[in-house]
Amino acid sequence: MSGPPRRARTDARKTLHDVVQLPSGTSLEYVLIEAAALPTSQQPAEAPGERTKLVICLHPWSWLGGRMDDPVLQIVTEPLLERGYDVLRYNSRGVGKSKGWSSLTGGQEAEDLQELVKWARSKYASLSQLVLLGYSHGSLIASTHPVLADVATAHILLSYPLGPRHWLTAFHTHRYEKALQDLVNDPRSNVLIIYGDNDNFTTVESYDAWARGLQDLRPAGGERAARGKLESVKIENASHFWGERDAIRRLVEVLHDWVP
């Protein structure tokens, strides 16, 4: 830890800004926003261990300036809070107050996510629903985390960087292809893929074909019924950076309606 955590009041919600030390030795800076309103005399406060719903958000590639306060992640935070989820956004290694060095393959970031989830579970002893939301490069890392055995786990992959995936992962594309295939073939999985039809880095034709291919996957020796839930949503006129007003409105609607 680096000094006492900072708490702030934002729209009657509690916000905690702190740094967590992971077992690997890496420390990650994070902001945690609680969904519930601040307690009143009629509404006693919930201890962190009693809270049951959490979203962990992963930002775009740190080598290109990705950070936890990315404007798109700030936009998607509100509909998640409205659905009763606490929202944790964090800086990946080497960003802000997070320690360590950013990797080129994403492998270390994937390990950090595993440790961060374990830490979050230790704080949320009653956790029953976890959503991993990755935006751009963050969706690559989110897709590597498997479904938890005893917690309902959902994945939201926003603007998955299909086009530049090979150089964002230092040509370790196969690792991420397999991770995503394993995820969608897990019968416990619940995956939402959101992309714009005017993405700056991936053509809509490539996205459409990729989404169809994921829907057509079959687990070895299994039937379609044995697969998890997978939904793909294409949003009209949306770019990779989600700067279009109508696209943002639709994105917020999709998230609000879809989260478990």
Side-chain angles (χ1 to χ4, degrees), residues 53-61 64 66 68-85 87-89 106 113 129-145 147 152-165 168-169 176-177 179-181 183-186 189-217 227-260:
K53 301 167 69 175
L54 177 67
V55 178
I56 297 178
C57 297
L58 294 82
H59 62 67
W61 205 30
L64 294 178
M68 67 181 183
D69 58 351
D70 180 275
V72 176
L73 291 185
Q74 293 188 51
I75 288 170
V76 302
T77 293
E78 186 59 31
L80 300 170
L81 291 169
E82 289 178 355
R83 289 301 306 270
Y85 283 83
V87 177
L88 187 153
R89 303 193 305 257
L113 177 60
Q129 291 178 295
L130 174 69
V131 177
L132 300 175
L133 185 156
Y135 165 44
S136 190
H137 182 269
S139 66
L140 289 171
I141 307 304
S143 71
T144 67
H145 197 289
V147 175
T153 309
H155 293 69
I156 300 174
L157 310 181
L158 176 60
S159 296
Y160 186 94
L162 183 64
R165 181 172 57 181
L168 287 176
T169 62
Y176 292 91
E177 288 178 338
L180 184 54
Q181 290 173 6
L183 178 63
V184 300
N185 280 332
D186 187 324
S189 66
N190 188 12
V191 181
L192 172 65
I193 294 172
I194 307 174
Y195 60 92
D197 67 359
N198 195 28
D199 191 273
N200 305 72
F201 308 108
T202 304
T203 66
V204 67
E205 293 81 10
S206 295
Y207 264 141
D208 289 345
W210 172 67
R212 288 193 300 269
L214 290 175
Q215 290 286 0
D216 291 338
L217 282 175
R227 300 177 66 234
K229 299 176 182 177
L230 173 63
E231 181 177 354
S232 298
V233 177
K234 175 170 57 178
I235 295 184
E236 185 177 1
N237 298 323
S239 68
H240 192 83
F241 304 104
W242 297 93
E244 303 79 21
R245 182 173 300 178
D246 289 343
I248 291 173
R249 185 181 300 111
R250 177 63 180 142
L251 172 61
V252 169
E253 290 175 352
V254 169
L255 290 174
H256 189 275
D257 293 343
W258 184 87
V259 288

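The figures here come from the full heavy-atom set of this structure, side chains too, leaving out hydrogens, waters and symmetry mates.
The side chain to side chain donor-acceptor pair (under 3.5 Å) search around Arg250 returns none, not counting sequence neighbours. In this structure, the salt bridge (Lys or Arg N to Asp or Glu O under 4.0 Å) partners of Asp186, at least two apart in sequence or on a different chain, are Arg188.
You'll find the side chain of Leu192 stays beyond 4.5 Å of the side chain of Leu157, heavy atoms only. You'll find the side chain of Glu244 stays beyond 4.5 Å of the side chain of Asp246, heavy atoms only. Using a 4.5 Å heavy-atom threshold, the side chains of Leu81 and Glu78 count as touching. Within the 4.5 Å cutoff, the side chain of Leu73 has no heavy atoms near those of the Met68 side chain. Within the 4.5 Å cutoff, the side chain of Val191 has no heavy atoms near those of the Lys229 side chain. Side-chain contact between Tyr160 and Tyr176 is present, with at least one heavy-atom pair separated by less than 4.5 Å. Under the 4.5 Å side-chain criterion, counting only non-hydrogen atoms from C-beta, Val131 is in contact with Ile156. Inter-residue side-chain proximity for Ile235 and Asp197 is flagged as unmet; no heavy-atom pair is nearer than 4.5 Å.
A salt bridge is defined here as a Lys NZ or Arg NE, NH1 or NH2 lying under 4.0 Å from an Asp or Glu carboxylate O, and Asp69 with Arg89 fails to meet this definition.
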What's the verdict on side chain to side chain contact (heavy atoms under 4.5 Å, CB included) for Arg165 and Leu140, showing C-alpha distance, side-chain angles and the deciding distance?
CA-CA 8 Å; Arg165 181 172 57 181; Leu140 289 171; 3.8 Å; yes

Report the C-alpha separation of Leu230 and Val184 in whole Å, then their side-chain angles, then the decisive distance to 0.1 Å, and conclude whether the side chain to side chain contact (heavy atoms under 4.5 Å, CB included) test is met.
CA-CA 7 Å; Leu230 173 63; Val184 300; 4.2 Å; yes

Verify side-chain hydrogen bond (donor to acceptor under 3.5 Å, both in side chains) between Asp199 and His240, making sure each step is shown before the conclusion.
CA-CA 5 Å; Asp199 191 273; His240 192 83; 2.8 Å; yes

Starting from the C-alpha separation in whole Å, work towards a yes-or-no answer on side-chain hydrogen bond (donor to acceptor under 3.5 Å, both in side chains) for Trp242 and Ser159.
CA-CA 9 Å; Trp242 297 93; Ser159 296; 2.8 Å; yes

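Here the closest non-hydrogen pair linking His155 and Trp258 is O-CH2, 4.0 Å. Smallest separation of non-hydrogen atoms from Ser206 and Leu162: O-CD2, 3.6 Å. The shortest heavy-atom contact between Ala179 and Thr144 is CB-CA, 4.0 Å. In terms of heavy-atom proximity, Leu180 sits nearest to Ser143 at CD1-CB, 4.2 Å. Between Pro260 and Asn190, the closest heavy-atom pair is CG-ND2, 3.9 Å. Here the closest heavy-atom approach between residue Leu113 and residue Ala142 is recorded as CD2-CA, 4.0 Å.
Leu132 pairs in a side-chain contact (heavy atoms from CB on, under 4.5 Å) with only one of the listed residues (Ile56, Val55, Leu54, Ile141), which is Ile56.
No close placement of the Tyr195 and Trp210 rings is indicated, their centers lying 6.0 Å or farther apart. If you look at Phe241 and Phe201, their ring centroids are closer than 6.0 Å.
Put simply, the side chain of Ser239 never gets that close to the backbone of Asn200: no donor and acceptor are under 3.5 Å apart. Although no hydrogens or angles enter the test, the distance criterion places no donor-acceptor pair under 3.5 Å between the side chain of Ser136 and the main chain of Pro60. Without hydrogens or angle criteria, Ser139 side chain to Tyr135 main chain gives no donor-acceptor distance under 3.5 Å. A donor-acceptor contact shorter than 3.5 Å is absent between the side chain of Asp70 and the backbone of Gly66.
In this structure, Glu236 places its CD atom where only 12 or fewer heavy-atom neighbours from other residues, nucleotides or ligands lie under 6.0 Å away.
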